[in-house]
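The block underneath contains the structure these notes are about, expressed in structure tokens.
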Amino acid sequence: MPSKASAAEQIALLEKGADRIEPRAELRAKVERSVASGEPLRVKVGFDPSAPDLHLGHTVVMRKMKHFQDFDHEVWFVIGDFTGMIGDPSGRSKTRPQLTEDQIRQNAETYKEQVFKILDPEKTVVAFNSEWLSGLGAEGLVRLASRYTVARMLERDDFHRRFRGEQPISIHEFLYPLAQAYDSVAMKADFELGGTDQLFNLLVGRHIMREYGLDPQVALTMPLLEGLNGIEKMSKSLGNAVGVTEPPEEMYGKLMSISDELTYRYYELLTDRTPAEIAALRAGVGDGTLHPKRVKQDLAVQIVSDFHSPRDAAAARDQFESVFARGTVPDEMPSFTASSPIRMLDLLTSSGLAGSRGEGRRLLSQGAVSLDGERVLRDIAVAAPADGAVLKVGKRRFLRVVPAP
RNA sequence: GGAGUGGUAGCGAAGCGGCCAAACGCAGCAGGCUGUAAACCUGCCGGCUUUACGCCUUCGGAGGUUCGAAUCCUCCCCGCUCCA
């Protein structure tokens with residue numbers, strides 16, 4: 001059941017926001033052919049099963065997958081379990097521990113759960129690349145490897161940099177782009193999506209498909225989302241990411257911490273606002289008719305709504321406003337049961353708000369700690385009333401301290 | 001296999017016998033400022049304590065030299081380059 005949308009409509013949405021489309025003419029040709037024949041296009045996206053915690057950066061590509069689904073094309077969500085079993089390749093120095101089949105299955109489930117917040121489960125094929133890669137065998141692998149050269153492999157930016165920077169590159173890392181390319185061969189992909197950093201791998205896919213006598217896929221990359229600090233790409237290990245499963249308040253708070261400039265970028269990549277709408281927001285802030293904080297609030301509400309619900313988003317906004325703008329205490333906070341009376345340092349370390357006693361002392365002396373609104377500067381013994389006391393550390397960490405019975 | 005060169009805190013990178021728990025940058029934490037948790041400014045940023053130029057555990061690993069070692073020596077492990 002092909003989409004009723006015209007080729008022109010499809011092309012407009014599919015090209016929107018893309019970083020690179022290689023080659024653009026083929027995208028159009030494929031779409032036109034599909035519209036004419038009624039045959040859906042097959043779109044591939046690969047994910048590494050070792051890190052199932054998705055963050056907003058991943059959703060940029062997923063939104064693009066969704067666009068394809070909106071036109072009833074066939075989206076394949078390929079989980080790289082084969083590569084995952086060998087261990088991580090592009091990882092800098094440390095080889096990750098091999099994943100067991102069990103872990104992979106588990107991670108895959110986690111993936112699906114997160115991914116289907118954006119994608120339509122009905123229109124998504126979930127596949128594991130071990131399905132075809134395991135059967136390849138040593139011989140098949142050698143044959144595959146013979147289709148590409150070391151020189152071309154070294155064109156990949158990170159290989160190139162590491163080679164020149166005298167950093168180690170293991171041979172098996174070369175097999176990764178090839179294995180990924182073979183995925184495209186096996187499933188006869190029309191498109192492969194990925195972040196900009198995937199461009200090389202996607203193009204290897206094109207090359208290898210041709211080598212295997214197939215119509216090569218079109219590589220479509222999406223820009224990498226900058227992390228919260230606006231400098232590096234969003235990544236969990238850099239600590240500048242917003243996970244899609246984070247609670248609403250956490251998500252909202254993190255989004256409010258981005259700079260004004262980054263706000264527009266997030267609108268562009270994380271919402272369905274059109275370029276014209278985003279330009280209007282920017283213009284409104286420029287001439288003073290729109291408050292930048294308001295623009296950012298709307299963004300945060302929108303995104304939280306996508307992953308939770310509009311109600312959660314509104315609640316998160318209200319809490320944020322009351323806590324940070326008006327300095328009041330949030331309605332809900334984790335509670336911690338402690339003996340009472342208790343010395344502040346013991347309380348801080350046992351509750352985990354301070355990593356060590358030294359850190360606790362620092363927090364105290366810096367005036368970061370308060371109990372029921374009273375600043376506590378020294379390691380004194382405090383008592384929590386039966387209904388609990390609010391311990392605040394820094395601007396945003398709250399804990400309700402309940403005395404042990 | 002041979003010859004070089006290098007392995008320092010979460011990361012990057014100084015130090016090259018004492019004043020080194022180790023400069024500096026980034027990240028992180030806190031305070032100030034603000035429309036926000038941005039930017040900017042200030043402080044902190046191994047652990048413990050009676051907060052003290054005190055104690056304990058750190059500079060790839062194991063030994064050794066020395067009153068004293070991240071710094072010197074020996075062996076081992078690992079990275080990189082060139083040669084084979």
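These values consider heavy atoms only, across backbone and side chains, with no hydrogens, waters or symmetry-generated copies. In what follows, chains are A, B, ... by sequence order, proteins preceding strands, each numbered from 1.
- Nearest to the side-chain atoms of A/R357 among the listed nucleotides B/G35, B/A37, B/C48 stands B/C48.
- Separating the C1' atom of B/C67 from that of B/C77 is a span of 32 Å, rounded to the nearest Å.
- In this structure, A/M256 places its CE atom 15 Å from P of B/A39, rounding to the nearest Å.
- Nearer the 5' end of RNA chain B, as judged by each residue's closest nucleotide, is the contact made by A/R397, out of A/L255 and A/R397.
- Taking atom P in both B/C33 and B/C16, one finds a spacing of 43 Å when rounded to whole Å.
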Polar atom pairs between nucleotides 43-45 of chain B and protein, under 3.5 Å, N or O only, would you list them?
{"residue": "B/G43", "atom": "N2", "partner": "A/Q366", "partner atom": "OE1", "Å": "2.9"}
{"residue": "B/G43", "atom": "N3", "partner": "A/Q366", "partner atom": "OE1", "Å": "3.3"}
{"residue": "B/C44", "atom": "O2'", "partner": "A/R362", "partner atom": "NE", "Å": "3.2"}

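- A/K44 contributes atom NZ, which lies 13.5 Å from atom NZ of A/K188 (distance to the nearest 0.5 angstrom).
- For the 3.5 Å distance criterion, the side chains of A/D120 and A/Q69 fail to qualify, holding no donor opposite an acceptor.
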Produce the list of close N/O pairs, under 3.5 Å, pairing protein atoms with atoms of nucleotides 21-25 of chain B; give distances to one decimal.
none

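- Nucleotide B/A37 holds its P atom 15 Å from the CD atom of A/E250, rounded to whole Å.
- Taking the centre of each ring, A/Y148 and A/F174 stay at or above the 6.0 Å mark.
- Using a cut-off of 4.0 Å between Lys/Arg side-chain N and Asp/Glu carboxylate O, A/K30 and A/E26 are scored as not salt-bridged.
- Taking atom P on both B/G63 and B/U49, the two are 30 Å apart, rounded to the nearest angstrom.
- Looking only at distances, no side-chain donor or acceptor of A/D183 sits under 3.5 Å from a matching main-chain atom of A/N129.
- Taking the side chain of A/P292 as heavy atoms from C-beta on, and the options B/U36, B/G35, B/G31, the nearest nucleotide is B/G35.
- Remark: P of B/U49 and CG of A/L345 are 7 Å apart, rounded to the nearest angstrom.
- Donor-acceptor pairing under 3.5 Å is lacking for the side chains of A/T271 and A/Q302.
- No donor-acceptor pair under 3.5 Å is formed between the side chain of A/D190 and the backbone N or O of A/V43.
- When the nucleotides B/U49, B/A37, B/C29 are ranked by their closest atom to the side chain of A/K395, B/A37 comes out on top.
- Cation-pi geometry between A/R273 and A/Y267 is not met: the NZ or CZ atom fails to fall both under 6.0 Å from the ring centre and inside 45° of the normal.
- Pair assignment for B/A39 gives none, since no Watson-Crick or G-U wobble pairing has each distance under 3.5 Å.
- Look at B/G1: its Watson-Crick or wobble partner, with both distances under 3.5 angstrom, is B/C83.
- Here B/A38 presents its C1' atom at 13 Å from OH of A/Y264, a figure rounded to the nearest Å.
- For the pair A/E249 CD and B/A37 P, the computed distance is 17 Å after rounding to whole Å.
- Using Watson-Crick or G-U wobble geometry with both donor-acceptor distances under 3.5 Å, B/A52 finds no partner in any strand shown.
- Nearest nucleotide to the A/K293 side chain, out of B/G35, B/C48, B/A30: B/G35.
- For the pair A/Q297 CD and B/U36 C1', the computed distance is 8 Å after rounding to whole Å.
- The same atom, C1', is picked in B/A38 and in B/C24; the two are 25 Å apart, to the nearest Å.
- Of the candidate nucleotides B/U36, B/A37, B/A30, B/U36 has the atom lying nearest to any side-chain atom of A/D260.
- When both distances must be under 3.5 Å, the Watson-Crick or G-U wobble mate of B/U71 does not exist.
- Nucleotides B/C26 and B/U81 have their P atoms positioned 31 Å apart, rounded to a whole Å.
- A/Q319 and A/E249 form no side-chain donor-acceptor contact under 3.5 Å, judged by distance and modelled atom types alone.
- A/K296 has its NZ atom 16 Å from the P atom of B/U34, to the nearest Å.
- In this structure, A/E261 pairs ionically with A/R282, as a charged nitrogen and a carboxylate oxygen lie closer than 4.0 Å.
- In this structure, B/G6 forms a base pair with B/C78, meeting either the Watson-Crick or the G-U wobble geometry with both donor-acceptor distances under 3.5 Å.
- Atom name C1', nucleotides B/U5 and B/G10: the rounded distance is 26 Å, in whole Å.
- Checking B/C33 for Watson-Crick or G-U wobble geometry (two distances, each under 3.5 Å) identifies no partner in any strand.
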Name each donor-acceptor pair under 3.5 Å that joins a side chain in residues 388-403 of chain A to protein atoms two or more places apart or in another chain, with its distance.
{"residue": "A/R397", "atom": "NH2", "partner": "A/L353", "partner atom": "O", "Å": "2.4"}

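- Pair assignment for B/C24: B/G12, on the basis of Watson-Crick or G-U wobble contacts that are both within less than 3.5 Å.
- B/G28 atom P lies 10 Å from atom CG of A/L228, rounded to whole Å.
- Checking side-chain atoms of A/H308 against main-chain N and O of A/E246 turns up a donor-acceptor pair under 3.5 Å.
- Of the listed nucleotides (B/A38, B/C48, B/A30), B/C48 has the atom at the smallest distance from the side chain of A/S356.
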